[in-house]
Chemist: 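Before I ask anything, let me first share the structure, which is written out below as structure tokens.
Since we're looking at a predicted model, the values are computed, not measured. In each ligand, atom 1 is the first atom listed, and ligand 1 is the first ligand listed. These values consider heavy atoms only, across backbone and side chains, with no hydrogens, waters or symmetry-generated copies. Just so you know, residue 1 is the first one in the sequence shown, and it goes up from there.
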Amino acid sequence: MDLGDPRLYGSPGRYAMWHDHATDDAIVWSDPGSSPSGFWSVFSHRACAAVLGRQAPFTSRYGMLIGFDAEHPDRAGGEMIVAADGARHTRLREILGRFLSRPAVAALEPFVRKEVDHLLTEMRETGVVDVARHIGPLLPAAVVCEVLGVPAGDREYVMGLTDAAFAGPGSESTAAASVRAHTEIFCYFGEQLAARNRSPGDDLISALLAEDDLTQDEVLVNCYNLLIGGNQTTRHVIAGCFDAASRTPGLLAAVRADPGVVPAAVEEAIRWVSPGMHVLRVTTAELTLCGQAIGAGEPVVAWLAAANRDPRVFAQPAAYRPDRSPNRHLGFGHGPHVCLGARLARLEIAVLLQALAERAGSVHLAGDPLPTRSNLIQGYRSLPVELRWP
Ligand code: HEM
């Protein structure tokens with residue numbers, strides 16, 4: 001079986017497969033297909049954490065997605081933060097981390113609140129809303145564009161490109177459309193860089209260009225990384241909050257009664273939705289994983305979404321339990337590449353959940369949720385909901 005085949009992930013059948021593999025601490029080989037060189041897969045919380053941990057003999061230089069091709073390594077390897085290792089990776093984390101630090105994220109809070117307020121006002125006026133298409137994507141896109149300094153007028157265009165780019169190899173959309181969209185994103189940022197080179201502003205792109213040890217190419221690929229990282233993940237957890245609220249009577253009332261419950265509810269939404277389904281690494285030395293000897297230079301996929309439902313770590317893993325504690329989910333990854341935007345994502349989801357509780361009486365599904373059909377992004381293609389207002 002080719003575990004990179006996106007058709008495996010559009011139905012609930014994946015949960016049973018993951019449950020069995022996680023419980024067995026399984027390691028499974030997929031022959032070349034979705035990934036030209038084939039790949040190993042691990043599923044349990046323990047094995048995924050081991051692959052991503054600081055001491056593990058793995059590199060990210062070949063990229064971190066299924067599609068690994070030993071003949072054609074990732075062109076951004078060593079330049080883009082998520083595909084860099086060692087000292088270069090540490091330096092990139094330091095530079096980009098300034099824009100996603102605690103004070104930087106705190107400074108964004110009024111912007112996030114304003115956007116959420118605007119979106120909920122729109123929902124009140126609209127009636128039934130497909131939050132997978134209209135609310136989930138808009139907030140993270142607005143926020144990441146604000147961080148990057150993308151003009152508000154370009155947001156919709158840039159967001160459309162990231163959708164087309166990432167509906168690509170792991171989904172049913174055509175590879176050609178995905179490649180075209182990727183190219184357009186790079187062209188767009190190329191133009192933004194040229195404009196900032198001529199006349200620097202006080203935004204992230206200008207600040208990156210001012211770093212002596214970053215080339216123009218590095219600035220470009222890291223803007224791309226932030227855009228994709230910020231856009232393609234958080235939106236599904238935001239949609240997931242509506243789904244969770246519709247299935248968990250009492251969630252909004254609990255938040256209204258005590259906003260202190262929000263952080264745990266947010267963490268659980270991230271675990272429950274697990275938008276980043278997998279990450280890939282390549283071994284740099286021989287090792288034994290889940291009882292299997294693996295040679296150097298072999299790709300291993302850690303299925304984070306499976307680990308986040310490992311029944312040995314999470315009781316009732318399929319249930320959204322807003323007070324789950326402890327909640328050691330791997331939704332943001334683990335180890336040196338743990339998500340740099342986690343603080344920002346948590347803020348967006350928390351503000352949304354709190355505002356929803358403050359303003360709406362209850363959330364109701366107005367149609368069947370449609371899941372994504374991708375080996376990379378787990379979430380919603382469609383989630384029609386109706387809010388009842390007090
Ligand atoms: C890395 C998930 C939101 C920026 C990662 C990784 C995961 C992840 C699993 C690790 C990749 C690896 O190990 O190879 C998520 C989820 C999010 C989210 C589930 C939302 C719920 C964001 C946001 C941003 C962002 C909002 C920025 C605006 C990044 C960056 C990295 C990263 C820059 C690379 C870190 C590194 O390589 O050191 N994310 N992410 N992410 N994420 Fe996120």
Side-chain angles (χ1 to χ4, degrees), residues 48-49 51-54 56 58-66 68 74 76-86 88-101 104-105 108 112 136-137 139-150 162 166 204 208 221-241 266-282 299-305 307-308 329-350 352-353 376-379:
C48 289
V51 169
L52 301 183
R54 213 160 271 283
F58 287 98
T59 174
S60 293
R61 284 185 67 94
Y62 294 89
M64 40 73 77
L65 305 178
I66 288 178
F68 168 82
D74 196 316
E79 292 188 338
M80 182 163 70
I81 183 168
V82 81
D85 295 329
R88 195 63 194 147
H89 173 247
T90 308
R91 175 72 182 128
L92 289 169
R93 259 187 99 87
E94 186 186 281
I95 297 173
L96 293 177
R98 282 183 221 138
F99 298 90
L100 298 164
S101 65
V105 169
L108 282 165
V112 176
L139 177 62
V143 173
V144 80
C145 287
E146 180 74 5
V147 171
L148 281 164
V150 168
T162 67
F166 269 81
L204 178 139
L208 294 184
V221 292
N222 283 295
C223 287
Y224 166 86
N225 194 152
L226 278 181
L227 178 74
I228 300 300
N231 247 340
Q232 290 299 314
T233 46
T234 321
R235 59 194 286 173
H236 294 290
V237 185
I238 287 171
C241 286
V266 167
E267 231 44 58
E268 175 67 345
I270 295 160
R271 181 199 71 84
W272 190 60
V273 178
S274 286
M277 286 170 78
H278 79 258
V279 293
L280 178 139
R281 297 286 189 268
V282 174
V300 178
V301 166
W303 289 95
L304 304 179
N308 282 345
H329 69 78
L330 300 178
F332 288 124
H334 172 71
H337 286 275
V338 71
C339 179
L340 203 54
R343 197 175 276 122
L344 181 57
R346 287 183 172 120
L347 173 74
E348 292 177 40
I349 302 159
L352 183 275
L353 192 57
L376 174 61
I377 304 290
Q378 176 163 260

Chemist: For atom 2 (C) of ligand 1, state which one of Gly331, Gly276, Gly341 supplies the nearest heavy atom.
Modeler: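 Nearest heavy atom to atom 2 (C) of ligand 1 lies in Gly331.
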
Chemist: Could you check which of Glu348, His337, Arg235, Gln232 puts a non-hydrogen atom nearest to atom 35 (C) of ligand 1?
Modeler: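 When every heavy atom of Glu348, His337, Arg235, Gln232 is considered, His337 comes closest to atom 35 (C) of ligand 1.
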
Chemist: Taking the non-hydrogen atoms of Arg346, is any one of them nearer than 4.0 angstrom to ligand 1?
Modeler: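 It does not; every heavy atom stays at 4.0 Å or beyond.
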
Chemist: Examine Asn225 against ligand 1 and note whether any of their N/O atoms are separated by less than 3.5 Å.
Modeler: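 There is no such contact.
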
Chemist: To the nearest 0.1 Å, how far is atom 6 (C) of ligand 1 from its closest protein heavy atom, and which atom is that?
Modeler: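 So the nearest neighbour among protein heavy atoms is Phe332 O, 3.8 Å.
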
Chemist: Please state which part of Val143 comes within less than 4.0 Å of ligand 1, counting heavy atoms only: side chain, backbone, both or neither.
Modeler: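 Neither; no heavy atom under 4.0 Å.
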
Chemist: Are the side chains of Leu65 and Leu280 in contact, using a 4.5 Å heavy-atom criterion?
Modeler: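 Sidechains of Leu65 and Leu280: no contact.
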
Chemist: Would you mind finding which of Leu280, Thr233, Leu52 brings a heavy atom closest to atom 3 (C) of ligand 1?
Modeler: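 Checking each option, the heavy atom nearest atom 3 (C) of ligand 1 is found in Thr233.
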
Chemist: Would Ser60 count as being in polar contact with ligand 1, using the rule that some N or O on each side must be under 3.5 angstrom apart?
Modeler: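 No; every N/O pair is 3.5 Å or more apart.
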
Chemist: With a 4.0 Å cut-off on heavy atoms, is Leu96 touching ligand 1?
Modeler: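 Flag not set, Leu96 not near ligand 1.
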
Chemist: Any atom of ligand 1 sitting under 4.0 Å from a heavy atom of Val147?
Modeler: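 Contact absent.
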
Chemist: In this structure, does ligand 1 have an atom that sits under 4.0 Å from one of the heavy atoms of Val237?
Modeler: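 Contact present.
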
Chemist: Hey, is His334 one of the residues with a heavy atom under 4.0 angstrom from ligand 1?
Modeler: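 No, His334 has no heavy atom closer than 4.0 Å to ligand 1.
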
